[in-house]
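Encoded as structure tokens, the structure appears first; notes follow it.
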Number of protein chains: 2
Amino acid sequence: MKEKVTNVTIKMLANQLGLSISTVSKAISDSHEISAATKQRVNDLVEKLNYKPNPYASSLRTRNSKTIGVVLPEVADSFFAQAINGIESVAEEKGYHVLIYLSHESFEREEQIIKDFESGRVDGVLISVAKETEQHKHIDTLLEKKIPLVFFDRVIDEVATTKIITDDYEAAFTATEHLIKQGYKQVLFLSFSQILSISCKRLEGYKKALYDNTIKFSSGNVLRFSNDAKKDYSNLLRKLTSLKKGIGVLASVEKLALPVYQACEELQLPIPQDVGLISFSNLDSAAFLHPPLTTITQPAFEMGKAAAALLLKALERKNFELTDEEIVIPSVMIVRKSTL
Amino acid sequence: MKEKVTNVTIKMLANQLGLSISTVSKAISDSHEISAATKQRVNDLVEKLNYKPNPYASSLRTRNSKTIGVVLPEVADSFFAQAINGIESVAEEKGYHVLIYLSHESFEREEQIIKDFESGRVDGVLISVAKETEQHKHIDTLLEKKIPLVFFDRVIDEVATTKIITDDYEAAFTATEHLIKQGYKQVLFLSFSQILSISCKRLEGYKKALYDNTIKFSSGNVLRFSNDAKKDYSNLLRKLTSLKKGIGVLASVEKLALPVYQACEELQLPIPQDVGLISFSNLDSAAFLHPPLTTITQPAFEMGKAAAALLLKALERKNFELTDEEIVIPSVMIVRKSTL
DNA sequence: GTTCTGTACGAAACCGGTTTCGTAAATAAA
DNA sequence: TTTATTTACGAAACCGGTTTCGTACAGAAC
């Protein structure tokens, strides 16, 4: 009762047609070796029997699977959700399949996933690394095996392949300067990783804006978020309490914005009067938050699309290799009420 | 320069060890036929050469791929994002791989995806159908091929397999009654499909609540959302304008909630005073919207997890079949300021 | 000593395609 | 007419594993 239904194979086609297996195979792939008449007969039977070639048999012989692996830290983040959309749209168009893996921000998990790819399960890889990831041996090993990989958003600078990023430094600079111009005397930077390239760049942009506005950088104004949401939240409360009013807050990643709303509510610090908030975020609901959230919105869909397009180009074109370069797609700041 | 690096194969292991291929294969799978000493030698070399068995060769012979297919209408919806998380968590644990496909709410696309699965690419399928889907021949055909499939959330009642759903009828009933109890004289139902089982059930729950409260049902109060966001929005504007104040709105799906915020803002109809809003939604930001959104929150993660767990059980246990039943995981209503 | 049983392994078929290479017949070139 | 090509197809190797089946040998049973 549970045994699989035997699928129709190319052998069955060949037998029914009185042709050889190789002839059928060639007919299906529209080889010039096969006459039009024979192709017609073959295709008719393919249609009639609803023949679906076994993809794994084909993959085994041809050494490619028409499958790409996508490694994400998580999926419950609008950025990644939109990025998947972009990736899927080009994969679909080119007839590729997408295997999805979540690292849950864990380096070990990411390492396991990447190591599995050495098996040849995927033709290429798109990755946005975990917040913990600082080494890149796992990725180097994969590249040595000539499995193309492109980074998007969360990249590792030291790895020599193509990276699709946004203008993190500039965006953070703009955001910080915006807060300063709006009159916030101090600016907090909510950091979610001290390791990630994007975090570092955003922090640098923040620092530069402070510098340009002759505000002294204080490491105490950089709040590091860990995995412990409770502790992070109480740190945030403490920090906000300790400061005078007129605090600007730059959340360097989407998930850090909502805790600020919550904390301000709890502490009765009205946004934007006492606290100005701007966040890197792709939330559709940003415009309807209370108050509407000023955001740095990343071109998530486009980044996913660009990354996938490049990867597939590298897979399809034998004379195209992924060079060590950064492709920057700019973010846009959308000013709303949370910053006056 | 582009040719793939030849991976180490089981044959290379066998040669280096002076053993036969079959012995090595059995050693790796820890067969009782092989002596402990030999297993040790084999595993040592596996480690040393970083041998990764080709998954497609293995799939070909064993006729299973340790891969499941997940078909979603979209991914930029908190429900599906969380569901993926649930699915991935159990797939990961059981060593399964997950292929993701988006139907983008198109029946044709969904059909293509499902048809591809007839090739044997996946061992089993999880699906939440497109809003357009009313036929189910594509799914029947798959089931005839003995490829297990479980529905989650957006199910097709007529297909005889397991369905993981939430209590749509009751939740909509509760939501509607809540609006009525809060004093809204009329209740609008924002519908996003006339076909989907969940939509119908939610509509039924809505009707029942009206009936129980002796409010006459009017089909004019059911607003159908199409794919044309602009047209939908202007319909919504028109409807809200035409009604007296004190309108309750039940958004039967997450994406319909934000347009209501926008329309109320545009029409200067304060929520919750003039318009009460409740929505099926899993948005984390619901609590921080302006005003905070009362939601029916579905157990998305749990539903994904349950669906995946059941599917994998059907795949692993030969004496377990997916019966034609519904497993209901209840939603919870979280009352916030958008409904007084 | 003979038969039986169990252990440890190897040869080969097999999964279902793709690809190489060989060849008979038809056609073109000389 | 003979030779060179082209057309259309088939046999078989191949991809890299898994699985079946056969067997040599050691020790146990009789």
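The shown structure was predicted, so the numbers you read here are calculated from the model rather than taken from an experiment. A note on names: the letters A, B, ... follow the listed sequences, proteins ahead of strands, and every chain is numbered from 1.
The distance from atom CD1 of I28(B) to atom P of dT19(D) is 13 Å, rounded to the nearest whole Å. One interatomic measurement links the two molecules: CG of N7(B) to P of dG16(D), which rounds to 8 Å at whole-angstrom precision. Distance, I21(B) CD1 to dC15(C) C1': 15 Å, rounded to whole Å. Rounded to an integer number of Å, the gap from CG of N54(B) to P of dC15(D) is 12 Å. Put simply, NE2 on H32(A) is 13 Å from C1' on dT20(C), counting in whole angstrom units. Residue K11(A) contributes atom NZ, which lies 11 Å from atom P of dG17(C) at whole-angstrom precision. We find that NZ of K66(B) is positioned 17 Å from P of dG17(D), with the value rounded to whole Å. Atoms CZ (R41(A)) and C1' (dC9(D)) sit 12 Å apart, rounded to a whole Å.
Heavy-atom distances to DNA chain D give each of S22(B) and K39(A) a nearest nucleotide, and the one nearer the 5′ end belongs to K39(A). For E33(A) and L60(B), each mapped to the nucleotide of DNA chain C holding its nearest heavy atom, the one lying further toward the 5' end belongs to L60(B).
For R63(A) against dC15(D), no side-chain N or O and base N or O form a donor-acceptor pair under 3.5 Å. You'll find a donor-acceptor pair under 3.5 Å spanning the side chain of K26(A) and the base of dG10(D), going by distance alone.
Contact check on E132(A) versus R109(A) returns no salt bridge, with no Lys/Arg side-chain nitrogen under 4.0 Å from an Asp/Glu carboxylate oxygen.
Note on Y51(A): a side-chain N or O is less than 4.0 Å away from OP1 or OP2 of dG17(C). The phosphate of dC9(D) (OP1 or OP2) has no side-chain N or O of S20(A) nearer than 4.0 angstrom.
Taking 4.5 Å as the limit, every side-chain heavy atom of L315(A) sits out of range of all side-chain heavy atoms of N64(A). Between M12(B) and L49(B), every side-chain heavy-atom pair lies at or beyond the 4.5 Å cut-off.
Backbone-only engagement by S35(B) is indicated by non-hydrogen atom pairs under 4.0 Å involving sugar-phosphate atoms exclusively. In this structure, T23(B) reaches the bases: a heavy-atom distance under 4.0 Å links it to at least one base atom across the strands shown. In this structure, S25(B) reaches the bases: a heavy-atom distance under 4.0 Å links it to at least one base atom across the strands shown. Across all strands, S29(A) comes closer than 4.0 Å to no nucleic acid atom at all (heavy-atom distances). As judged by a 4.0 angstrom heavy-atom cut-off over every strand, G18(B) is placed among residues touching the sugar-phosphate backbone only. If you check every strand for non-hydrogen atoms under 4.0 Å, L19(B) touches sugar and phosphate atoms only.
Of the candidates dT19(C), dG16(C), dG17(D), dT19(C) carries the atom nearest the T62(A) side chain, counting heavy atoms from C-beta on. Comparing atom distances between the R61(A) side chain and each of dC9(D), dT18(C), dG17(D) picks out dT18(C) as nearest.
Side-chain N/O atoms of Q112(B) and D116(B) include no donor and acceptor closer than 3.5 Å.
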Evaluation steps, side-chain hydrogen bond (donor to acceptor under 3.5 Å, both in side chains), between N7(A) and K145(B): CA-CA 8 Å; N7(A) 273 310; K145(B) 291 215 172 190; 2.7 Å; yes
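Below 30°, between 30° and 60°, or above 60°: for Y56(B) and Y56(A) the angle between ring planes is below 30°, a parallel geometry.
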